[in-house]
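So that the names make sense, note that chain A is the first sequence line, chain B the second, and so on, each numbered from 1.
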There are 2 protein chains.
Amino acid sequence: MLYRSVYDKAMGNKEEIINVATRLFASRGYDVVGIQEIVDQAGISKPTLYHYFGSKNGLLTAIMELNFRRLLLGLGPATVYSGDLPLSLTEIVRVYFKFARSFPEFYRLHLAFWFSPPASAGFLAAKEWWEKQQQLLEILFMLAANDHGNMKDRHRIYAATFLGTINTYIAIFLNGYADLNEEMVHSLVKQFSHGIYS
Amino acid sequence: MLYRSVYDKAMGNKEEIINVATRLFASRGYDVVGIQEIVDQAGISKPTLYHYFGSKNGLLTAIMELNFRRLLLGLGPATVYSGDLPLSLTEIVRVYFKFARSFPEFYRLHLAFWFSPPASAGFLAAKEWWEKQQQLLEILFMLAANDHGNMKDRHRIYAATFLGTINTYIAIFLNGYADLNEEMVHSLVKQFSHGIYS
DNA sequence: GACATGTTATACCGATCGGTATATGATAAG
DNA sequence: CTTATCATATACCGATCGGTATAACATGTC
């Protein structure tokens, strides 16, 4: 392959920058962490970072894209409606829990952006990805509405509430109050389902 | 009264600074909003702000204290256990919903801090106030556990989940997905209660 | 070896950050 | 009318911010 060794080196640096930045952003905040601190801890210099990402916001965009792609990769299949809504919901919760356990630092970062000021860089960088999640869930609830009469025209709020509930549980996990085991999965689904069907 | 007119003027400026800062912090973020912008919009100059609050962090502390006092004022009576847990929970949700509707800008700000990095200024400024809310709820669930056998030793996670659920609904309201009416109050309580008793 | 491409470091930019030294008004007490 | 206190403004501080101009270096092509 052409340029193999060159790209290897480049990708190594690129990933290292992303990893360092994700950790720093998650632990202290996107706005207060300076570029200098990132490049120092990554063992490179500023022009290298700007060579790869163009700007601080470009770096943030890259972090969002990399991680949300991972999430959506698992979420896509889980949101396919098979006629059994509780089964789909269960699978979706499993996907989120597994993702949060695999990338807790990123999940904390993206949760912070979730409630960040609508005009902040973090909110804007993550917005399109939430809309994709919301869309996947809305489609599922819309299809399921054909089988559950009392769900009609409520797919948007169901999707939002379901996502919110999932994030609540994950936040509790991230703060050390509980584990994200299979029992929690079923507890969440049962609780949410009860709010829907009654 | 002594110093009356002096303090009147002072309080007017002090409140104006708090109002302006709350709005700016909530809409764009604590870290990115500079002192200069706050004093410009408040129609004063920097030394005046530092005279009242000492530092940017002091201003943030004052904002937290003012608003959380308002919230806890209503939350205290609502968390008194009377033997009817669902009734208490309903009243608590009403208090939170009313507060969120009265001070949406502050609620957005404090929700952002809820998930902010643990080492960030916002998280640290709000931490002690969350702990007070958590404590009030824990006591309620602990007392209620005497009447509900299957609740024992779970008061901490119940308090955390309940608070998280409330904040989820409020976040959905703040994003324009739903209203915080009496129907939502009962929906929330019913849904949460189902997760507890079963 | 000449050349093109991609990668990196040194050193710097203007702007803005949070915070303050100094001085002046305003107000009330004696 | 003096004096003390609070309140406020002008002008400034060093530090750091995101970002870049310039040049050197590494690598693969021809």
Q: Does anything in residues 36-59 of chain B pair up under salt bridge (charged side-chain N to carboxylate O under 4.0 Å, His left out), and if so which pairs, sequence neighbours excluded?
A: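 Qualifying pairs, neighbours excluded: Arg28(B)-Glu37(B).
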
Q: Taking Thr48(A) for its side chain and Ile44(A) for its backbone only, find out whether a donor-acceptor pair lies under 3.5 Å.
A: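 Judged by distance alone, no pair lies under 3.5 Å.
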
Q: Rounded to the nearest Å, what distance is computed from the CG atom of residue Asp40(A) to the P atom of nucleotide dC17(D)?
A: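 For the pair Asp40(A) CG and dC17(D) P, the rounded distance is 10 Å.
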
Q: Polar atom pairs between nucleotides 18-20 of chain D and protein, under 3.5 Å, N or O only, would you list them?
A:
| from | atom 1 | to | atom 2 | distance (Å) |
| --- | --- | --- | --- | --- |
| dG18(D) | OP1 | Lys56(A) | NZ | 2.7 |
| dG18(D) | OP2 | Ile35(A) | N | 2.9 |
| dG18(D) | N7 | Lys46(A) | NZ | 3.4 |
| dG19(D) | OP2 | Tyr50(A) | OH | 3.0 |
| dG19(D) | OP2 | Lys56(A) | N | 2.9 |
| dG19(D) | N7 | Lys46(A) | NZ | 2.9 |
| dG19(D) | O6 | Lys46(A) | NZ | 2.3 |

Q: Measure NZ/Lys14(A) against P/dG6(C) and give the value in whole Å, please.
A: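 Atom NZ in Lys14(A) sits about 13 Å away from atom P in dG6(C).
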
Q: Any salt bridge (charged side-chain N to carboxylate O under 4.0 Å, His left out) involving residues 157-182 of chain A? Give me the pairs, sequence neighbours left out, ordered by first then second residue.
A: Arg94(A)-Glu182(A), Arg101(A)-Asp179(A)

Q: Expressed in angstrom and rounded to an integer, what is the separation of Phe53(B) atom CZ from dC6(D) atom P?
A: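 Going from Phe53(B) (CZ) to dC6(D) (P), I get 17 Å.
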
Q: Under the salt bridge (charged side-chain N to carboxylate O under 4.0 Å, His left out) definition, can you give me all pairs with a residue in residues 117-138 of chain B, not counting sequence neighbours?
A: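 For residues 117-138 of chain B: Glu138(B)-Arg156(B).
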
Q: Starting from P on dT7(C), measure out to CD on Glu16(A) and report it in whole angstrom.
A: 17 Å

Q: Could you check how far NE2 of His51(B) sits from P of dA7(D), rounded to whole Å?
A: 4 Å

Q: Which side chain to side chain donor-acceptor pair (under 3.5 Å) pairs, counting each pair once, include a residue from residues 108-125 of chain A, with sequence neighbours left out?
A: Arg108(A)-Asn175(A)

Q: Between Asn13(B) and dA7(D), is there a contact of a side-chain N or O with OP1 or OP2 at under 4.0 Å?
A: no

Q: Examine dT8(D): is either OP1 or OP2 under 4.0 Å from a nitrogen or oxygen in the side chain of Tyr52(B)? Give yes or no.
A: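 Answer yes for this pair, as a side-chain N or O of Tyr52(B) is under 4.0 Å from OP1 or OP2.
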
Q: Measuring to OP1 and OP2 of dA9(C), would you say a side-chain N or O of Thr48(A) lies under 4.0 angstrom away?
A: yes

Q: Considering only residues two or more places apart or on different chains, which pairs with a residue in residues 64-77 of chain A satisfy salt bridge (charged side-chain N to carboxylate O under 4.0 Å, His left out)?
A: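 Non-adjacent pairs meeting salt bridge (charged side-chain N to carboxylate O under 4.0 Å, His left out): Glu65(A)-Arg69(A).
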
Q: Give the rounded distance in Å between these two atoms: CD of Glu37(B) and C1' of dA15(C).
A: 15 Å

